[in-house]
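Below is one structure, written out as C-alpha cells; the observations come after it.
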Amino acid sequence: MEVSSRGSSRAPDSVLKGFSAHRCFWAMLLLLALAVLLLAGIMHVDVGLLMPQLGDQADRPPVTNVMFLKTHKTASSTVLNILFRFAETHNLSAALPAGGRFHLGYPWLFLARYVEGVEQGGPRRRFNIMCNHLRFNPPEVRGKIMPNDTFYFSILRNPVFQLESSFVYYKSHVPAFRNVASLDTFLASPWTYYNQSLGLRNAYARNSMWFDLGFDNDAPPEEGYVRARLSDVERRFQLLLIAEHFDESMVLLQRLLRWRLDDVVAFRLNSRSRRSVTSLSPAGQERAKHWCALDWRLYQHFNRTFWARLRAELSPRRLRSEVARLRERRRELAALCLQDGEPKNQSQITDLRLRPYQPGRADILGYNLRPGLDNQTLQTC
C-alpha cells in the first residue's frame, strides 16, 4: 500500500474497480426497478403481478406451528381438512382428541388432558397443529400444548346463516330446538324454548361463535363488555377469516403462513344440499341478529378488520388475480379427482368410506372419486 505525503493511504486499483462495479450493479438494479414501475404505470398493471415475490417474504420458511379455533357451522371442516393435509404432507404432529373422540372436550373449556398422549402432571408436550373443535381456554392451549411462536386463527360466519345451519344440523340434539317446528317460530319467541339453566346443552342455540371463543354466550351485550372481549380476541388471534369470503380468506391465509397454493386448495366439506337450507324471513333475520347480538357484533367487527388486512396486504388487482388462480387450481383438481366434478348426495356416493355423517335434518353432500386413479394421483386427491 502506498502512502501519500499527507500520511493517508490510497486504496489499490483493484479495490477501486470493485467499488465502482458494485456501484454500477446497484445503479442498474435501481434503473430496472424504475423501468418496471414505469411499465406498470403505462400498462395499468399491478407491480405485484410482474414481481410476485417482491415483499412476499418468499425466502422465509413456511409457518408450521398453527392453532385453528374450529368454530361451528362456519366452513371450518374444510379448513380442518387443509390443516390435517398439511400436517401429513410435512410430517408434523397434531394435537388429537384423547380416546378417539371428535372434540377436545367440547363444550367444556379446553384442558390439556383432553389431548391424546398428554397426562396431567406428566412431561410437557408440544404439537405443531391443533384444529379439532374445542372451547378456547388460552392458558391451557398456549401454556401447555402449543409452542410460543404458534400462529392462531379462526373463522366466522354471518350469525343469521350460522344460526340457520345450526338449527338444521342440531335440531334433535339441542333442547331449545327440539320442540319447535321452524327457526322463524323459535326466533319469534325464543325464551319460550330456550332454557338458560340448561347451560352447555344449549350452546349451539345462541351466540355459539362467542361461546367457542371461551366467552359467556348468555352475557348481556353491553358496550364495555363487548369491546373488552373483542380486544381479547384481537390480542389472542393473528387472523379471523370470513366464511362468506372463503376464497379471499384462503389467499390471505396462504400469504401469512407462506404456504404453497396447493396447500390451501380444497373441496367444500360438510356442506348441505340446497333443499335442506331454509330461508329466514326479513323479520326473522333481524330477530336472529338481536338474539345472537354478541355473535353479530363479533362478525361485524372482524369482517371489517378482515378486509382492512386484505387491503394492507394486496392491491385489489392482485387480490383478484390470486383468487382467480385459486379457483382455477380447484377446477383442475376437481376434473382430475372427482367423478362428474361436483358434490353428490349420500345415496349417490358409491364408496361407503366417503359418505358423510348425516345429522338432524341436514342433507350433507360428499364426493365420488374418479375410478382407476393411480396411487400418486389418489394421494393428491
Side-chain angles (χ1 to χ4, degrees), residues 67-74 76 103-111 114 133-143 152-167 169-170 173-178 180 183-184 186-243 280 283-306:
M67 191 278 165
F68 171 60
L69 179 64
K70 188 178 188 295
T71 48
H72 288 81
K73 315 314 303 168
T74 57
S76 62
H103 295 168
L104 288 162
Y106 195 89
W108 292 273
L109 280 170
F110 172 77
L111 297 175
Y114 297 151
H133 279 305
L134 60 83
R135 190 175 180 209
F136 196 56
N137 187 4
E140 292 285 312
V141 174
R142 292 179 178 273
Y152 288 81
F153 77 105
S154 187
I155 187 168
L156 303 175
R157 183 183 182 186
N158 185 318
V160 173
F161 308 119
Q162 192 271 344
L163 183 64
E164 183 276 330
S165 183
S166 292
F167 181 84
Y169 199 91
Y170 300 115
H173 177 72
V174 175
F177 294 156
R178 197 174 290 152
V180 61
L183 183 57
D184 262 319
F186 172 83
L187 290 169
S189 181
W191 290 108
T192 302
Y193 308 98
Y194 185 86
N195 186 342
Q196 193 168 341
S197 67
L198 293 178
L200 301 181
R201 296 174 60 192
N202 270 331
Y204 299 115
R206 191 184 193 197
N207 294 311
S208 71
M209 294 183 290
W210 193 264
F211 180 86
D212 290 346
L213 286 161
F215 307 138
D216 179 4
N217 61 319
D218 283 321
E222 297 170 352
E223 188 65 23
Y225 168 76
V226 171
R227 286 182 178 273
R229 298 294 78 76
L230 293 177
S231 295
D232 288 340
V233 177
E234 288 184 331
R235 188 172 65 254
R236 294 166 180 171
F237 292 85
Q238 283 99 316
L239 177 66
L240 274 86
L241 307 176
I242 300 297
L280 280 173
Q285 292 189 29
E286 291 306 311
R287 291 183 186 124
K289 294 175 187 177
H290 180 75
W291 175 245
C292 295
L294 296 170
D295 271 359
W296 180 240
R297 287 291 304 276
L298 179 74
Y299 177 79
Q300 284 185 304
H301 179 83
F302 285 103
N303 186 41
R304 287 193 296 268
T305 63
F306 171 78

**Report entry** Audit row: His72, Tyr169, ring-ring contact (aromatic ring centres under 6.0 Å, His included) steps and yes/no
**Finding:** CA-CA 10 Å; His72 288 81; Tyr169 199 91; 8.8 Å; no

Query raised in the report: Nearest heavy-atom pair of Gly214 and Leu109: which atoms, and what distance?
Result: CA-CD2, 4.1 Å

Query raised in the report: Is a side-chain N or O of Arg178 found less than 3.5 angstrom from the main chain of His173, in a donor-acceptor match?
Result: yes

Query raised in the report: Under 30°, 30 to 60°, or over 60°: which ring-plane class applies to Phe237 and Phe136, parallel, tilted or perpendicular?
Result: tilted

Query raised in the report: Is there a donor-acceptor pair under 3.5 Å between the side chain of Asn217 and the backbone N or O of Arg206?
Result: yes

Query raised in the report: Sub-3.5 Å donor-acceptor pair from the side chain of Ser154 to the main-chain atoms of Leu69, do we have one?
Result: yes

Requested in this report: Applying side-chain contact (heavy atoms from CB on, under 4.5 Å), run through Val233 and Phe302 and close with a yes or a no.
Outcome: CA-CA 10 Å; Val233 177; Phe302 285 103; 3.5 Å; yes

Requested in this report: Would you please classify the geometry between the Trp291 ring and the Trp191 ring as parallel, tilted or perpendicular, with 30° and 60° separating the classes?
Outcome: perpendicular

Query raised in the report: Distance-only, no hydrogens or angles: does the Arg157 side chain make a donor-acceptor pair with backbone N or O of Lys73 under 3.5 Å?
Result: yes

Report task. Name the orientation class of the two ring planes belonging to Phe167 and Phe177 (parallel below 30°, tilted from 30 to 60°, perpendicular beyond 60°). Result -> perpendicular

Query raised in the report: Quick one: do the Asn202 and Tyr193 side chains pair a donor with an acceptor below 3.5 Å?
Result: no

Query raised in the report: Is the backbone of Asp295 close enough, under 3.5 Å, to the side chain of Asn207 for a donor and an acceptor to pair up by distance?
Result: yes

**Report entry** For the student: nearest non-hydrogen atoms of Asp232 and Phe215, plus distance
**Finding:** CB-CZ, 4.1 Å

**Report entry** Neighbour count above 12 (heavy atom, 6.0 Å) for Arg227 CZ
**Finding:** no

Report task. Answer yes or no: is there an ion pair linking Arg135 with Glu140, defined by an N-O contact shorter than 4.0 Å? Result -> no

